Every structure is written in structure tokens, then in C-alpha cells.
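For reference, the structure discussed in these notes is given below.
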Protein chains: 2
Amino acid sequence: MTTAGTAHETTTRPGPAAARQHSLREHNLELVARAVFEVPEPLSRAGVATATGLARATVSTLVDQLVAAGLVRELPAVTGGRAGRPAVPLVPAPRTVVGLGLEVNVDYLGARVLDLTGDVVAERVVPGSFHDSDPTAVLARLGALARELSDEVTASGMTVAGARLALPGLVDPRAGTLQVAPNLGWSSIEPVPLLGLDLDVQVANEAKLAALAELAGGSDVAAPDSFVFVSGDVGIGAAIVVDRRLFLGERGWNGEIGHVVVDPAGPRCSCGAFGCLEQYAGKEAMMRAAGLPADAPLADLVARLRADDADLPAGRALGSALADFVNLIDIGTIVLGGAYTELLPWLRADVEAALTERVLAAPFVDLQVRAAQAGPHAALTGGAREVLARVLADPSAWV
Amino acid sequence: MTTAGTAHETTTRPGPAAARQHSLREHNLELVARAVFEVPEPLSRAGVATATGLARATVSTLVDQLVAAGLVRELPAVTGGRAGRPAVPLVPAPRTVVGLGLEVNVDYLGARVLDLTGDVVAERVVPGSFHDSDPTAVLARLGALARELSDEVTASGMTVAGARLALPGLVDPRAGTLQVAPNLGWSSIEPVPLLGLDLDVQVANEAKLAALAELAGGSDVAAPDSFVFVSGDVGIGAAIVVDRRLFLGERGWNGEIGHVVVDPAGPRCSCGAFGCLEQYAGKEAMMRAAGLPADAPLADLVARLRADDADLPAGRALGSALADFVNLIDIGTIVLGGAYTELLPWLRADVEAALTERVLAAPFVDLQVRAAQAGPHAALTGGAREVLARVLADPSAWV
DNA sequence: GGGTAATAGTTCAGTCGTACAACTAATGCG
DNA sequence: CGCATTAGTTGTACGACTGAACTATTACCC
């Protein structure tokens with residue numbers, strides 16, 4: 001079923017649907033599933049009951065359904081030092097239902113499979129240079145890679161619930177189209193059919209999916225519930241997460257911080273305007289400012305910065321644009337991803353100074369700037385997690 | 001019950017609550033209420049059934065409850081030219097449950113009562129100058145005004161469901177506090193107790209409530225489902241509406257477009273930073289640019305513009321800041337309120353030029369700039385409507 | 001070792017809300 | 001005047017949750 005989401009256009013506003021008996025069950029099934037999945041320590045049926053407020057009897061039937069569907073697994077009863085019948089711990093079932101994350105970016109192409117526990121089950125990442133590439137050829141190649149991976153995990157008895165394709169550009173998830181990806185040189189295509197996959201594949205913006213990966217948190221630090229994720233590379237994209245959900249605006253084309261005005265008298269940008277952030281804090285601009293070739297690897301810049309012990313001039317520009325962002329949307333935590341993760345030590349001072357100087361609410365808010373935790377190729381992880389989150393949100397489809 | 005919302009802080013994430021049988025009823029009661037309220041032509045019970053997808057029998061019992069609660073009224077059966085038993089049209093009950101909107105702004109103070117049909121039942125607006133005023137005295141005065149109005153409508157048999165107090169500044173609705181309102185000269189106060197009202201009063205930002213008023217739409221033009229509302233006066237505030245709901249960010253302190261960078265080499269702003277939009281497109285800046293005294297009435301500026309037939313220089317700055325806004329949040333419709341409503345003819349060209357030049361998604365979106373429709377003192381209307389929207393969202397509390 | 005308290009999980013009758021179908025009510029039309 | 005048509009009501013069936021009683025399994029104490 002190679003679908004891209006049907007666009008049920010009606011003249012009347014959609015509005016919420018009528019709630020029937022089975023809507024109740026679906027709602028509570030999701031509630032129980034979340035209770036099992038989003039808790040550090042495994043819960044028992046009784047634990048789920050107290051956590052959700054549902055009756056023990058109700059929880060039992062719901063959990064049984066999740067176990068039967070293969071989404072939840074029972075661990076051996078643990079006879080802890082407490083009196084009473086030992087509890088049966090419930091955990092996300094490993095290696096049963098999995099999500100597939102796909103990505104084409106400027107310098108690599110890859111696919112990653114995650115299971116419900118968050119483990120990486122399999123992955124392939126192919127470095128390359130996809131600047132001004134041919135979408136048909138590249139997507140066919142990624143499709144072949146994905147099919148290989150998918151066949152592999154299916155042979156091991158897992159079910160691939162769906163896939164997300166991350167692209168660095170303006171994407172319409174509902175229509176399944178890519179409007180334009182400047183750094184790939186792609187425009188006006190329908191990427192999903194070109195993959196040739198027999199799966200439910202949806203396209204998404206790379207920064208948005210990377211932000212979702214960030215939500216899972218690092219090994220030591222938990223992710224904040226609301227943050228702005230800024231992915232700095234050749235282009236600069238951002239995503240807004242509020243209460244652990246992506247905020248997409250009208251079409252999902254928000255977060256284009258790379259083209260915020262830093263100085264109207266500044267250099268001309270590839271987008272046609274003058275003084276965009278990208279001309280100060282894009283990867284190529286940072287390289288040139290450091291006296292390096294525009295396409296030098298990031299490591300060269302880091303080495304130079306280590307040696308010179310001087311801040312990046314990009315910091316002031318980035319701080320100014322981020323202050324605008326915070327003034328406009330009121331999110332107090334900023335997570336820097338992409339190249340910025342590694343460059344943060346030489347950016348932090350100027351960014352924080354700009355924020356305290358320019359953000360109106362700064363005296364009343366604890367503004368935080370932190371490095372991304374999600375690791376390399378975060379969009380792959382985010383895409384796979386998004387698929388699995390959809391499974392979690394509607395477990396009844398799997399029962 | 002002079003409350004300001006309790007802040008149930010728990011260590012665990014709140015999450016959705018368990019759904020019981022009565023949650024079903026509450027959900028469907030809201031669904032039916034919305035169907036009756038948000039439709040231009042009155043619906044019958046059968047009409048509501050087809051519109052909501054609920055069974056006719058279910059709708060009947062739900063409608064009966066709404067009628068019994070006094071939220072919905074039955075009109076005389078209309079024997080239209082069609083065969084069959086005549087339908088009983090259902091309409092929002094006039095003058096039963098009402099909402100109270102309150103506001104203190106720089107140049108006036110007022111209260112307005114709306115009923116469920118959207119009619120203004122009563123209002124008082126007192127012009128004045130509240131720049132650097134004493135919050136205790138001013139709020140006591142507004143409280144007296146509000147009590148007068150409230151007593152009046154209560155004597156006519158109506159029930160005041162609650163009130164919203166609009167203030168031009170940073171407000172924390174949950175805590176019921178005002179952090180700072182620069183143009184009033186107020187900071188760090190709890191306004192609600194100072195009103196001395198025996199009602200559920202909540203504070204809110206003025207631009208946010210004005211945007212809600214805008215949602216009701218004008219007499220001729222329907223309001224868009226998603227838009228950015230920019231309220232331009234001495235200060236410049238904005239609100240973001242997505243799918244007919246306010247987007248508030250983390251604390252409701254978003255939309256501070258007045259302090260977005262227009263030019264880092266520009267004049268120093270009252271906020272301490274340089275080159276903020278307010279220094280170009282704030283009311284006082286526009287007056288001075290036109291050679292008028294900073295506190296001249298808006299009509300003087302309009303007269304001058306009519307005579308000169310020249311665009312406002314503020315247009316370019318405003319357009320630049322709005323382009324940043326659209327790039328960051330992806331909302332295609334911009335509604336200009338406050339002083340901008342009247343000044344739009346002399347701003348439009350430059351604003352639209354900046355948008356098409358700077359917004360990355362401009363080639364793919366129909367960007368629209370339009371004048372606000374909500375009329376004078378929009379925040380009063382928005383506040384009252386917000387109270388009534390809360391009634392609509394949970395009619396079971398009134399049954 | 002056996003009794004008791006404690007906790008987990010299951011079973012079952014009770015209640016509530018919706019769906020479906022049959023029924024009554026009221027109108028237009030031929 | 002009868003029939004078709006549409007609105008609204010009544011009654012039965014079914015599904016989902018609850019609470020209480022019951023079973024299962026452990027720890028602890030004498």
C-alpha cells in the first residue's frame with residue numbers, strides 16, 4: 001500500500017468525531033499503552049491501574065489485548081522483598097513491530113529500523129555527495145536499501161509498521177510532495193512512488209524528525225517537554241516542540257530560521273534576500289569566516305577553533321535570530337543540532353548574551369541553550385520513532 | 001469564587017485522563033453544542049444527527065439536556081415547502097448565560113457583556129490616560145464598573161459564566177499574575193484580587209484576546225482558520241491562531257514582534273536592545289517619522305497621509321519582521337489590528353513586497369494581508385467570547 | 001511449619017450511554 | 001383521503017467501565 005495520506009477535503013470544518021463505545025476503548029487502550037511505554041521502570045497491571053486511574057479489572061482486559069497484539073510483553077514475575085502476590089512487569093515488546101526511518105541529505109543517505117523499545121534493530125548509512133543529484137536515481141537507490149533492510153527484519157518475524165522519509169526542504173506531508181530542497185537541487189517531485197516500497201511511507205522535513213529523535217532524550221539528561229531544535233548545516237532549519245508534540249504551523253513549513261533577517265545591509269542570500277542568518281551562520285559562511293574552504297570538513301573548523309581559542313563570529317548572528325524566535329513563539333529551551341552541536345562551545349557565549357539582551361521575557365524565564373543528544377543521523381531515528389508513535393497512538397489497529 | 005486557576009504540579013507528566021462512560025457523554029454533549037452554535041443556519045435535531053454522525057435518538061437526549069440547561073432554545077417549528085413533519089430549529093439561547101470581557105489599556109478601560117448568540121448585552125468604555133497609572137486604583141475602578149454591569153444583567157435573569165481581564169503586557173494566565181506592562185508602568189502584580197469581583201476571572205494578554213474576537217469574523221468576510229493577528233499601537237503585540245485555536249507557546253508570552261530585529265544598527269529601544277521593530281513601526285515612531293508629535297491622535301496621521309499620498313516608512317520594517325514571523329511559524333494569513341487597521345492602505349505595498357521577497361515558501365503559498373474586522377476594543381469582545389467558549393467546551397457543567 | 005496480612009490478578013453482576021429498529025407525529029401532494 | 005416523506009420518541013440490545021468479591025502467591029511472625 002504505497003500511500004501518501006488521503007486528503008479528505010470537505011467543505012464543512014472537520015471537527016471532532018462522534019464518540020461511541022469503541023472510542024472509549026480506543027482511548028483507554030492508548031492510555032494503557034502509553035503508561036507501559038513511557039515509564040522508566042516496568043509497571044505491573046496494578047501499577048498501570050493506579051497510574052491511569054482505571055479500575056484494575058479494566059486494565060487487565062486492556063493489557064491482555066496489548067499482549068495478544070504483540071505490542072507488550074510480560075516479564076517473569078518478580079518476587080521483590082514485599083509481601084503479597086508478585087507482580088508481572090510489563091514492557092514494550094522487543095523486535096515485534098518496528099518502524100523504518102529513511103533520509104536523503106546532502107552528504108549521506110540512509111535507513112534505520114527501530115523497535116518499540118527504542119533499540120536500533122538494523123541500519124544502513126551510505127556517505128555520498130547528493131548536491132544537485134538526480135532524485136529518481138537517488139530515491140531508487142534508497143528504496144533498494146530500504147527493501148533490503150525491510151526484508152531482513154521481516155524474515156526475523158518482525159512487522160514493519162510504516163516508514164518516514166526525511167528530506168532537507170519544504171515538504172507537504174499530506175500531499176506527499178517535496179516542493180523544493182535547495183541543497184539537493186530537487187524541486188516539485190513526489191518522492192514516495194520513486195522509492196518503490198510496499199509500505200505506508202510519509203515524507204517529512206529533516207529538522208522536524210530530528211527534533212522528534214531529540215524528544216527521546218539522552219542517556220543522562222531527559223529531554224525538555226518544549227524546545228526549539230535548530231539544525232545547522234549548509235542550510236539552517238528548525239523545529240518547534242511544545243508539550244512533546246511538533247508544532248507545524250499551517251503546512252509544516254515553519255522553522256525557516258536560516259532566512260531570518262540579521263542585517264538588512266548584509267550579503268545577498270541564495271534565496272534572493274539580503275542579510276539572512278544563513279549568510280552568517282550557515283556552514284559555508286562559518287568556514288569562509290575562519291579562512292577555510294567552504295566545503296572543508298567540520299573537523300577542520302573545530303581544530304582551528306581549538307587552536308585559536310576564539311569565539312565564532314556566527315554566534316552573534318545566531319543569537320540575534322534565536323532571540324527573534326523566542327520573542328515570537330515563547331519557548332525557553334533551545335537545542336542546537338547538526339554542526340552546531342560540536343561548535344556550541346564557541347557559540348554559547350554570544351548566543352546567550354544576545355538572548356538575555358534581546359528577549360523581552362528574559363528576566364522572567366530561565367532561557368537554556370543546550371547541545372543535541374540524539375546522536376548522528378537523528379532524522380533516521382526520529383522518522384522510525386514517529387512511525388512507532390503512531391502505533392502507540394492507536395494500538396486498536398493492531399489488536 | 002475569585003480564583004485564578006490552580007496549578008496542580010505533579011512530578012509525573014499529566015497525560016490524558018482515563019475515559020469513563022460519562023466522558024463519552026461529555027464529549028458528545030460538546031459535539032452537539034458546537035453543531036448548534038457554529039452553524040450559520042439553525043439545525044434541527046435530525047440535522048444535528050447527520051452533521052455529527054450520532055444517532056437521532058442520542059442527539060435527542062443530548063439536545064434535551066442542553067435545552068433544559070438553558071444553553072439552547074427551540075424556535076417554533078418551521079413548515080418549509082418540504083414534505084414531512086416540520087423540523088424544530090435549534091439556536092443558541094439569547095440572554096441566559098453571558099460572558100464578561102474586561103480590559104485596561106493605555107487610553108481606555110472597559111467592560112463588555114456578550115451572550116451566547118454573540119450579541120453585546122451591555123458595555124461601558126471609559127476613555128482616559130493610564131500611562132504610568134496606579135494599578136490598585138485603576139483596577140478598583142474597573143472592578144466597580146464590572147460589578148455594575150454584572151448586577152444589571154443578573155437582575156435581568158442572566159448568569160455571568162466568568163470574566164477575562166485583558167492587559168497589554170506579559171501575563172501568566174495560570175498564576176493569574178502580570179509580570180510587566182511597560183506602557184501602563186505596571187509590574188509584578190496580581191490583578192484579579194484588586195478587581196474585587198465575585199466571579200471566575202482570568203487574566204490574558206490583550207492581543208491574544210483581540211485575536212479571539214477576530215475569529216468570529218466580520219459581517220461580510222469569514223475569518224480564516226489560521227492567522228497571525230498583529231495589534232499595532234504604542235507597543236506592538238501579536239497572537240498566533242492555528243485551526244481556530246490560540247497557540248501560546250510555553251507561557252503565553254509569544255508574539256512579541258515589537259522587539260524583533262529590523263536593523264542591528266538601528267536606534268536603541270526602550271527594552272534595551274537596538275533596532276527593534278517598535279522603533280520603526282510603533283505608533284510614536286510613525287508619528288515622529290511623519291513630523292507629528294509622538295502623542296498625536298491617529299486621525300492626524302491619517303489626514304497627513306491622505307494629503308501627502310505617500311507610503312509609511314514603517315511598512316518596510318513591518319514587512320521585514322512579518323517575513324521573519326512567517327518563515328518561523330508558517331502561517332499564511334496576517335491580520336493587522338490596532339492602529340494598523342486604519343493605516344493598512346499606506347503599509348500594504350511595502351509589507352507585501354517584503355513578504356514575497358523574504359518568505360522562503362512565498363512561491364508556494366497565497367500570502368494574505370488583511371485588515372482586522374473585530375471593531376473597536378476587540379479584546380473586550382474576545383475576553384467575553386473566551387468565557388463563552390469555555391461554557392461550550394464543557395456544557396455538562398451547566399446541565 | 002502454619003496462620004495471618006498484604007498485594008496481584010480475575011470473575012461477575014450492575015450501571016450507563018449509544019445504536020438500531022420500530023413507532024408516532026406532522027406535513028405535502030396527487 | 002391516502003400515501004410518501006421527514007422529524008422526533010420509545011424500547012431493546014450491546015459494549016465498556018466499575019466495584020466488590022474471590023483466587024493466587026508471597027512475606028512475616030510466632
Side-chain angles (χ1 to χ4, degrees), chain A residues 16-33 35-36 41-68 72 74-91 395-396 399, chain B residues 16-33 35-36 41-68 72 74-91 395-396 399:
Chain A
R20 296 146 218 286
Q21 296 289 97
H22 67 89
S23 327
L24 245 191
R25 170 128 296 198
E26 282 164 25
H27 178 99
N28 285 336
L29 203 56
E30 177 185 351
L31 195 70
V32 169
V36 171
E41 291 301 301
L43 287 174
S44 64
R45 286 171 169 79
V48 171
T50 56
T52 58
L54 290 165
R56 285 214 311 274
T58 311
V59 169
S60 256
T61 63
L62 293 172
V63 166
D64 288 348
Q65 288 188 41
L66 291 174
V67 171
V72 167
E74 297 178 304
L75 293 184
V78 59
T79 157
R82 219 176 33 208
R85 174 175 172 173
V88 177
L90 303 167
V91 293
S396 54
V399 172
Chain B
R20 295 148 220 284
Q21 297 288 101
H22 68 88
S23 329
L24 246 190
R25 168 127 301 192
E26 282 164 24
H27 178 99
N28 285 335
L29 203 57
E30 177 185 351
L31 194 70
V32 168
V36 170
E41 291 301 301
L43 287 174
S44 64
R45 285 171 170 79
V48 171
T50 56
T52 57
L54 290 165
R56 285 215 310 276
T58 310
V59 168
S60 257
T61 63
L62 293 171
V63 165
D64 289 348
Q65 289 188 43
L66 292 174
V67 170
V72 167
E74 297 178 303
L75 293 183
V78 58
T79 157
R82 220 177 33 208
R85 174 173 172 174
V88 177
L90 303 168
V91 292
S396 53
V399 173

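Here is how names work: the chains are called A, B, and so on, in the same order as the sequence lines, proteins then strands, and each is numbered from 1. None of the values given here were measured: they were computed from a predicted structure.
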Item to check | Where A87(A) and S44(A) come nearest, the two heavy atoms and their spacing | outcome: CB-CB, 3.5 Å

Checklist outcome for this item: The single option from L54(A), L43(A), T50(A), N28(A) that satisfies side-chain contact (heavy atoms from CB on, under 4.5 Å) with V59(A) is L54(A)

Next on the checklist: For a side-chain contact (heavy atoms from CB on, under 4.5 Å) check, start with the C-alpha distance between R25(B) and T61(B), then their side-chain angles and the critical distance, and finish with the verdict.
Outcome noted: CA-CA 10 Å; R25(B) 168 127 301 192; T61(B) 63; 3.5 Å; yes

Checklist outcome for this item: What one should report as the nearest heavy-atom pair of L31(A) and A18(B) is CD2-CA, 3.5 Å

Item to check | S44(B) or R82(A), whichever maps to the more 5' nucleotide of DNA chain D | outcome: S44(B)

Checklist entry - Could you give the CG-to-C1' distance, from L43(A) to dG9(C), as a whole number of Å? => result 15 Å

Checklist outcome for this item: When R20(A) and A46(A) are each assigned the nearest nucleotide of DNA chain C, the 5'-most assignment goes to A46(A)

Item to check | For atom NE2 of H22(A) and atom C1' of dA19(C), their distance in whole Å | outcome: 11 Å

Checklist entry - For residues 56-64 of chain A, which residues have at least one heavy atom under 4.0 Å from DNA chain D? => result A57(A), T58(A)

Next on the checklist: Taking the nucleotide of DNA chain C with the nearest heavy atom to each, does L29(B) or A83(B) sit closer to the 5' end?
Outcome noted: L29(B)

Next on the checklist: Is N28(B) close enough to dG17(C) that one of its side-chain N or O atoms is under 4.0 Å from OP1 or OP2 there?
Outcome noted: no

Checklist outcome for this item: To the nearest angstrom, the CZ-P distance between R25(B) and dA19(C) comes to 11 Å

Item to check | Minimum heavy-atom distance A35(A)-V48(A), with the two atoms named | outcome: CB-CG1, 4.2 Å

Item to check | Under 4.0 angstrom between T79(B) side-chain N/O and dA26(C) OP1 or OP2 | outcome: no

Item to check | Atom pair distance, as rounded to whole Å: CD in Q21(B) and P in dA19(C) | outcome: 12 Å

Checklist entry - For L90(A) and dA8(C), what is the distance between atoms CG and P respectively, to the nearest whole Å? => result 12 Å

Next on the checklist: Checking the side chain of S23(A) only, and the main-chain atoms of R20(A) only, is there a donor and an acceptor separated by less than 3.5 Å?
Outcome noted: yes

Item to check | Partner set under side-chain hydrogen bond (donor to acceptor under 3.5 Å, both in side chains) for Q21(B), not counting sequence neighbours | outcome: none

Next on the checklist: Set out, in order, the CA-CA distance, both residues' side-chain angles and the distance that settles side-chain contact (heavy atoms from CB on, under 4.5 Å) for R45(B) and D64(B), then state yes or no.
Outcome noted: CA-CA 10 Å; R45(B) 285 171 170 79; D64(B) 289 348; 2.9 Å; yes

Checklist entry - Please give, in whole Å, the distance from dA8(C) C1' to R85(A) CZ? => result 5 Å

Checklist outcome for this item: Counted 5' to 3', the first and last nucleotides of DNA chain D within 4.0 Å (strictly under) of a heavy-atom of chain B are dT5(D) to dT18(D)

Checklist outcome for this item: Whole-Å distance, R45(B) CZ to dA25(C) C1', equals 13 Å

Next on the checklist: Could you go through L24(A) and H27(B), starting from their C-alpha distance and side-chain angles, then the distance that decides it, and tell me whether this counts as side-chain contact (heavy atoms from CB on, under 4.5 Å)?
Outcome noted: CA-CA 11 Å; L24(A) 245 191; H27(B) 178 99; over 6 Å; no

